[in-house]
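None of the values given here were measured: they were computed from a predicted structure. Basis for what follows: all heavy atoms, side chains included, without hydrogens, waters or symmetry-related copies.
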Amino acid sequence: MARVELTANLARHGDFRPGEAAGETVAAVLSHFFATQPTLKGYVLDDQGRLRKHMVVFVDGQAVRDRASLRDAVSPDSEVYIMQALSGG
């Protein structure tokens with residue numbers, strides 16, 4: 001199963017914890033992961049299941065390319081990292 005990690009800042013907002021989740025795509029992994037932490041889902045994904053603008057997800061160090069349907073591939077030994085996106089100048 002893929003390892004799902006969160007930034008410390010994100011984790012403390014709801015006492016969310018890293019964990020493991022099965023799936024072959026980012027969408028599947030996040031769906032399994034959010035089943036145990038449903039409040040986090042609403043913070044990371046919008047009501048259409050798309051990644052919110054203020055969030056970013058990395059798989060094995062690479063930002064996901066498909067922010068709408070989250071179909072980027074995930075292998076069983078992947079690390080999926082969820083964090084808040086930074087912007088500004």
Side-chain angles (χ1 to χ4, degrees):
M1 283 194 273
R3 179 81 181 148
V4 181
E5 297 284 343
L6 310 164
T7 60
N9 186 45
L10 183 58
R12 76 181 165 124
H13 282 291
D15 194 29
F16 304 120
R17 302 203 186 322
E20 293 186 343
E24 294 182 358
T25 65
V26 172
V29 167
L30 292 182
S31 177
H32 285 107
F33 184 68
F34 293 148
T36 62
Q37 303 183 70
T39 306
L40 181 60
K41 178 181 180 179
Y43 192 76
V44 176
L45 304 177
D46 66 16
D47 59 347
Q48 301 297 312
R50 296 178 297 227
L51 198 57
R52 290 190 183 274
K53 292 180 183 180
H54 68 279
M55 301 302 298
V56 64
V57 173
F58 289 86
V59 177
D60 298 327
Q62 299 293 317
V64 297
R65 298 184 69 151
D66 182 359
R67 295 179 57 90
S69 61
L70 301 170
R71 292 188 180 158
D72 296 61
V74 176
S75 65
D77 61 341
S78 286
E79 183 174 284
V80 177
Y81 202 81
I82 305 169
M83 64 184 293
Q84 293 168 303
L86 300 176
S87 63

Check whether any side-chain N or O of D72 sits under 3.5 Å from a backbone N or O of R65 as a donor-acceptor pair, and report yes or no. yes

Determine whether L70 and V57 make a side-chain contact, defined as any pair of heavy atoms from C-beta on separated by less than 4.5 Å. no

Value for CD (Q62) from OH (Y81), rounded to nearest 0.5 Å, stands at 15.5 Å

Output for pair (M1 CE, D77 CG), nearest 0.5 Å, gives 13.0 Å

Which residue, V59, V80, V74, forms the side chain to side chain contact (heavy atoms under 4.5 Å, CB included) with V64? V59

Check this for me: R71, atom CZ, are more than 12 non-hydrogen atoms of other residues, nucleotides or ligands nearer than 6.0 Å? no

Could you measure the distance from the CG atom of L45 to the CG atom of L51? Nearest 0.5 Å is fine. 6.5 Å

Would you say E24 has more than 12 foreign heavy atoms packed within less than 6.0 Å of its CD? no

Check A2 against S75 and note the closest heavy-atom contact, atom names and distance. CB-O, 4.0 Å

Shortest non-hydrogen contact between P18 and R3, atoms and distance: CB-NH2, 3.6 Å

When rounded to the nearest 0.5 angstrom, what is the spacing between CD in E20 and OG1 in T36? 11.5 Å

Indicate the atoms forming the closest heavy-atom contact of A85 with K53, along with that distance. CB-O, 4.0 Å

F58 and F33: same hydrophobic cluster, using ILVMFWY side-chain contacts below 4.5 Å? no

Answer yes if the side chains of Y43 and Q37 hold a donor-acceptor pair under 3.5 Å, and no otherwise. no

Close side-chain approach of L30 and T25, heavy atoms under 4.5 Å: no

Rounding to 0.5 Å, atoms CE (M83) and NE2 (H54) come to a distance of 12.0 Å

Test your reading of the model: is there a side-chain donor-acceptor pair from S31 to the backbone of A28, 3.5 Å cut-off? no

Side chain to side chain, F16 and T39, heavy atoms closer than 4.5 Å: yes

R67 (side chain) donor-acceptor with M55 (main chain) under 3.5 angstrom: yes

